[in-house]
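Both backbone and side-chain heavy atoms feed into the values below; hydrogens, waters and symmetry mates do not.
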Amino acid sequence: MITLAAQAVLLAVYAAYVRRLGRLRASRIAWVVALAICVSAFACGWFGGALWSWALTGTATDPLVAGVPWGVSVSWAAATLTLTLFDAFFDEEPVSLMWAPVAAPGLLTCVLLACTVGLGGGVAPTAVAAAIVGAPLWLMFVLSMRRRGSASPRETVLLACVLALCSAAVGLAEPMVAAGALVVELLVYLLLTGGFERLRRGFESSTERFQQEVLSRQYDEIRGIYLDMRGWRHDYHNHLQVMKADLAAGHLEELWAYLDELERDLDRVDTYVKSGNLMVDAILNSKLSLAEKDGVTVTCKAVVPELLTVDDVDLCVILGNLLDNALESCEKLPAAERWLRVYLAARGSQLYVSIQNSAVEDPGFNARNYITEKRGNHGLGMKRVAAVVDKYEGFLNLANEPGIFAAEVSLPL
């Protein structure tokens, strides 16, 4: 009975795994039909042989006592084929990407059962058939977490060890202990997959809110620059009239002074940086214009290749958050003590970014604690910076010295 329960629960978990793996758009009726086919194949695999023997000889054999016959392995093959075809018809993801992770757990179960039946001379011991449940559970966990990028190798190995111990208990222990181990095995799988799914959804939700706040702030910055340019264009004709009047009256000194004033005003509208990379220029010019409005003395040098391996969105996360953090630090100081130095350049095969700003000294500063304990939007921003740097296997260094906060980033070109 334990073996039948184990295989039935595994089939239910497998169906739920297929349903969550991709982006299925199937109706409830379609799901009912697919599950009915799987359950029918499963029932035929378990009891079909006993019924056939009874029909021919008049004597009934209990498959739960005799062992697991070949029909169970064949029924798993039929269920796997049914769910794979179901996913191919109703999943919005490409079939070429989905068929392998959908079919793999079912095929593994089918192969393991076939091997145990073959080694058992046509009938697999029930304890062994119950114990092999752990392998498909582990494979489903690995494939689902790999698709979502949620689990680390350490957590995957830990689950494998737990499932292996539970499977050993199922196969070797007394029936009551085996039943308890089987329940623990299933609960561990469900708790881990459910926990990682909740963590992923929570992270996606917080990331989405953070991105909305960043986009809103970027919109305000770009809108300010646009209004400056629009205002200068609006006054263009007035400037021409004034210059013509000074020229007609022979007031050359006044004309030169007026031109100097216009040049300074135009410099405020013009871009601060022309690094060679459009995304870098857009981010730096937006942030540095805000820094100047806040009375921050800015020094910037940036020479960046036009094409980078770093995605534009990831580059925006790094530069935008580091500059926001620098401006936040400058706001805590008097206007006369505010300064910001930005340096970007290609060094060999690395893109080197250095951002230094005036800051209040923190004697207890620790880079790791600074990233993990910083609160508010910028706290989430620094965590995102660290995550993006790790994504590209780059280097992030934060330092707080007397009057200076420095951030250095190296990313592969």
Side-chain angles (χ1 to χ4, degrees), residues 93-94 96-97 100-101 142-143 145-154 156 200 203-204 206-208 210-215 217-219 221-222 271-289 298-327 340-357 367-368 370-372 377-399 405-413:
E93 298 284 350
S96 58
L97 297 178
V142 171
L143 292 175
M145 294 302 105
R146 180 183 178 185
R147 180 165 178 79
R148 294 174 173 84
S150 302
S152 65
R154 180 177 58 185
T156 303
R200 182 184 67 84
F203 178 76
E204 288 180 352
S206 61
T207 301
E208 184 177 355
F210 171 71
Q211 289 176 341
Q212 290 296 330
E213 293 169 358
V214 170
L215 289 174
R217 189 165 59 248
Q218 295 288 345
Y219 169 77
E221 295 168 3
I222 295 172
T271 56
Y272 293 86
V273 181
K274 294 180 181 178
S275 66
N277 184 283
L278 292 178
M279 178 56 67
V280 172
D281 291 348
I283 299 169
L284 292 181
N285 288 316
S286 174
K287 299 298 182 183
L288 297 184
S289 65
V298 177
T299 303
C300 181
K301 182 178 180 181
V303 180
V304 182
E306 182 179 359
L307 299 177
L308 298 172
T309 58
V310 182
D311 185 75
D312 285 347
V313 175
D314 293 333
L315 189 63
C316 181
V317 168
I318 294 174
L319 292 179
N321 284 294
L322 291 180
L323 289 170
D324 284 341
N325 191 68
L327 295 179
L340 173 64
R341 302 190 191 113
V342 180
Y343 177 76
L344 284 85
R347 290 185 175 180
S349 61
Q350 298 287 315
L351 173 65
Y352 175 72
V353 179
S354 173
I355 297 176
Q356 300 178 356
N357 58 273
R368 182 181 297 274
Y370 180 83
I371 294 175
T372 57
N377 292 337
H378 294 309
L380 181 58
M382 292 305 296
K383 293 182 181 69
R384 291 282 294 148
V385 170
V388 171
V389 172
D390 289 342
K391 172 183 174 181
Y392 291 95
E393 299 181 350
F395 171 77
L396 171 64
N397 180 48
L398 303 176
F405 184 88
E408 293 179 301
V409 174
S410 291
L411 298 169
L413 286 172

Atom pair [atom1]/[atom2] of [X] and [Y] - distance to nearest 0.5 Å:
| X | Y | atom1 | atom2 | result |
| --- | --- | --- | --- | --- |
| K287 | L327 | NZ | CG | 7.5 Å |
| L344 | K301 | CG | NZ | 11.5 Å |
| L323 | L288 | CG | CG | 6.5 Å |
| D314 | M279 | CG | CE | 10.5 Å |

Work out which heavy atom in [X] is nearest to a heavy atom in [Y]; give both atom names and the distance.
| X | Y | value |
| --- | --- | --- |
| C316 | I283 | CA-CD1, 3.4 Å |
| L308 | L315 | CD1-CD2, 4.0 Å |
| A407 | L398 | CB-CD2, 3.6 Å |
| P305 | N277 | O-ND2, 3.1 Å |
| P412 | V310 | O-CG2, 4.1 Å |
| Y392 | L411 | CB-CD2, 4.2 Å |

Checklist line | Validation row: L322, V409 side chains within 4.5 angstrom (heavy atoms) | finding: yes
Notebook entry, point to check: Passes side-chain contact (heavy atoms from CB on, under 4.5 Å), L340 versus Q356? Steps please.
Noted result: CA-CA 6 Å; L340 173 64; Q356 300 178 356; over 6 Å; no
Notebook entry, point to check: After noting the C-alpha distance and the side-chain angles of V342 and L319, does the key distance pass the side-chain contact (heavy atoms from CB on, under 4.5 Å) rule?
Noted result: CA-CA 10 Å; V342 180; L319 292 179; over 6 Å; no
Item checked: Stepwise side-chain contact (heavy atoms from CB on, under 4.5 Å) test for L396 and V385 -> CA-CA 9 Å; L396 171 64; V385 170; 4.3 Å; yes
Next item on the list: Enumerate the residue pairs fulfilling side-chain hydrogen bond (donor to acceptor under 3.5 Å, both in side chains) with a member in residues 343-353, sequence neighbours excluded, ordered by first and then second residue.
Entry: Y352-E408
Note to self: Has N321 got a side-chain atom pairing as donor or acceptor with V317's backbone, closer than 3.5 angstrom?
What the structure shows: yes
Next item on the list: Please identify each residue that fulfils side chain to side chain donor-acceptor pair (under 3.5 Å) with S275, with sequence neighbours left out.
Entry: D281
Next item on the list: Show the numbers, then the answer: is there a side-chain contact (heavy atoms from CB on, under 4.5 Å) between I318 and V353?
Entry: CA-CA 10 Å; I318 294 174; V353 179; 5.6 Å; no
